[in-house]
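Comments concern the structure below.
Read the numbers this way: they start at 1 and go in the same order the structure lists the ligands and their atoms. From a predicted model like this one, the values you see are computed outputs, not experimental measurements.
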Amino acid sequence: MDIPKLFSLDGKVALVTGGSRGIGRMIVEGFLGAGCARVYISARKVEQLEATVAELGDKVIAIPGDVGTVEGCRALAEAIGAKEEKLDILVNNAGAAWGAEFENFPEQGWDKVMDVNVKGPFFLTQALHGLLKAAGSMDSPAKVINIGSIDGRKLNPWETYSYQASKAAILHLTKRMAARLIEDGIVVTAIAPGAYQSDMNKAARDFGDAVAKGIPARRIGEPEDMAGAAIYLASRAGDYVIGSTVTVDGGIVDAGLPHNSIDPS
Ligand SMILES: NC(=O)c1ccc[n+]([C@@H]2O[C@H](COP(=O)([O-])OP(=O)(O)OC[C@H]3O[C@@H](n4cnc5c(N)ncnc54)[C@H](OP(=O)(O)O)[C@@H]3O)[C@@H](O)[C@H]2O)c1
């Protein structure tokens, strides 16, 4: 068994939405290290995209856009289609969150979050269906990896109603899309990250030591944890993982003790 080949992304072409920073960028760096020929990144802020390209090198190509609208998803797919005949890997990572107390939670906080976190992954995958089909076969499938969250698997204490619902939705949508797209040689899976430093997770970014105390692994997630999971799913190693969610959270969901457990000592 050739283990380096098993985890290699040699020559693959990938698109990572929200690849300009945070978790998306961690995945981009992993894909480059695993041998991707080109990694497209997309986000709304052009300056941050350009800065990331400048730091990571010319295998990274920025296409600005908004995946929170159907037109934005179609425009992004069209721009990729103008440059590539096929797309091996799509990571639907771009995400948004909204917190407000129950009494005042606004409709906009539902629309924005559901549009980016649930509708975006669906309509971008739909728009890229042809390019993914061109890359994939039953023997060597193309990959769609949706970035969910542990907040879709268990409650968090914050009043982020639409976010938590959107992350449960994307994990279930992953299964439904996987059931259809495997017919076309496209494998759909999800990753549920725990706490990683980012603009969205300011607690992990600014108070990592305190956050770590509540995690069974006693640390927050590192870029290697996220890159490792994404490379596994994207490479030959993950070909037989279909519709599943890989939880990469240091044990919060599956090895975390209940809040009310009493220490007998
Ligand atoms: N960090 C964590 O602890 C954690 C935990 C669980 C799950 N996640 C998930 O991981 C993913 C990445 O989050 P992150 O923590 O890395 O957050 P982040 O630092 O805020 O990054 C979000 C990325 O998505 C892009 N984005 C947001 N809205 C967009 C839109 N409408 N169209 C295109 N791009 C858009 C952002 O760029 P622009 O603002 O320039 O558009 C940015 O590149 C999200 O799906 C999030 O829910 C994160």
- Contact list for residues 201-218, test salt bridge (Lys or Arg N to Asp or Glu O under 4.0 Å), sequence neighbours left out: Asp199-Arg205
- Flag Val116 as yes when one of its N or O atoms lies below 3.5 Å from any N or O atom of ligand 1, and as no otherwise. no
- Message: Looking only at the side chains, is there a donor atom on one of Glu101 and Asn104 sitting less than 3.5 Å from an acceptor on the other?
- Response: yes
- Message: Does the residue Gly65 have a heavy-atom contact with ligand 1, meaning some pair of atoms that are separated by less than 4.0 Å?
- Response: yes
- Task: Anything under 30° is parallel, anything over 60° is perpendicular, the rest tilted; go ahead and classify Tyr232 against Phe7.
- Result: tilted
- So, are Asp88 and Lys86 salt-bridged, with charged N and O less than 4.0 Å apart? yes
- Query: Should Arg219 and Asp225 count as an ion pair when the cut-off is N to O under 4.0 Å?
  - Reply: yes
- Query: If two hydrophobic side chains count as joined below 4.5 Å and joins carry through other members, does Val188 share a cluster with Val241?
  - Reply: no
- Query: Can you tell me which residue and heavy atom of the protein come closest to atom 13 (O) of ligand 1, and the distance to 0.1 Å?
  - Reply: Met200 CE, 4.1 Å
- Please confirm whether Thr17 comes under 4.0 Å of ligand 1, counting heavy atoms of the residue only. no
- Item | Identity and separation of the nearest protein heavy atom to atom 7 (C) of ligand 1 | Gly148 O, 3.2 Å
- Task: Could you check atom 37 (O) of ligand 1 against the protein and tell me its nearest heavy-atom contact, residue, atom and distance included?
- Result: Ala43 CB, 3.4 Å
- Arg25 with Glu55: basic N within carboxylate O range, under 4.0 Å: yes
- Under 3.5 Å, N or O to N or O, is Ile23 touching ligand 1 that way? yes
- Task: Could you tell me which atoms of ligand 1, counted from 1 in the order shown, lie closer than 4.0 angstrom to a heavy atom of Asn93?
- Result: 10 (O), 11 (C), 12 (C), 44 (C), 45 (O)
- Query: Numbering the atoms of ligand 1 from 1, which are under 4.0 Å from a heavy atom of Asp199?
  - Reply: 19 (O)
- Below 4.5 Å, heavy atoms only, C-beta onward: do Pro193 and Ile23 meet side chain to side chain? yes
- Message: Quick test: of every protein heavy atom, which one is nearest to atom 42 (C) of ligand 1, and how far off is it to 0.1 Å?
- Response: Arg21 CZ, 3.6 Å
- Among the heavy atoms of Ser20, does any lie under 4.0 Å from an atom of ligand 1? yes
- Is any NZ, NE, NH1 or NH2 atom of the basic residue among Arg153 and Asp249 found under 4.0 Å from an Asp or Glu carboxylate oxygen of the other? no
- Could an N or O of ligand 1 be found under 3.5 Å from any N or O of Gln197, whether backbone or side chain? no
- Query: For atom 31 (N) of ligand 1, what is the nearest protein heavy atom, given as residue, atom name and distance?
  - Reply: Asp66 OD1, 2.8 Å
- Message: For atom 35 (C) of ligand 1, tell me which residue out of Ser149, Pro193, Ala94, Gly24 has the closest non-hydrogen atom.
- Response: Ala94
- Item | Atoms in ligand 1 flagged as close to Gly68, the criterion being non-hydrogen separation under 4.0 Å | 31 (N)
- Query: When hydrophobic residues are tied together by side-chain contacts of less than 4.5 Å, even through go-betweens, does Tyr161 share a cluster with Leu171?
  - Reply: yes
- Task: Quick one: look up the protein heavy atom nearest atom 28 (N) of ligand 1 and list residue, atom name and how far away it is.
- Result: Arg44 NH2, 3.4 Å
- When you measure from atom 8 (N) of ligand 1 to every protein heavy atom, which one gives the shortest distance, and what is it? Tyr163 OH, 3.8 Å
- Query: Is the backbone N or O of Asn156 less than 3.5 Å from a side-chain atom of Gln164, with the two atoms forming a donor-acceptor pair by type?
  - Reply: yes
- Message: Using a 4.0 Å cutoff against the non-hydrogen atoms of Gly22, which atoms of ligand 1 qualify?
- Response: 16 (O)
- Query: Between Lys167 (side chain) and Ile147 (backbone), is there a donor-acceptor pair under 3.5 Å?
  - Reply: yes
- Message: Under a 4.0 angstrom heavy-atom cut-off, which atoms of ligand 1 come close to Asn201?
- Response: 1 (N), 2 (C), 3 (O)
- Is the side chain of Thr17 donor-acceptor paired with the backbone N or O of Ala94 at a distance under 3.5 Å, no angle test? yes
- Query: Between atom CD1 of Ile145 and atom CD1 of Ile89, what is the distance when rounded to the nearest 0.5 Å?
  - Reply: 6.5 Å
- Message: Does the residue Arg25 have a heavy-atom contact with ligand 1, meaning some pair of atoms that are separated by less than 4.0 Å?
- Response: no
- Ignoring angles and geometry beyond distance, decide whether Ser42 reaches within less than 3.5 Å of ligand 1 through its nitrogen or oxygen atoms. no
- Closest heavy-atom approach to atom 5 (C) of ligand 1 among Ala195, Gly194, Gly19 is made by Gly194
- Message: I need the nearest protein heavy-atom contact for atom 15 (O) of ligand 1: residue, atom name and distance, please.
- Response: Ser198 OG, 2.6 Å
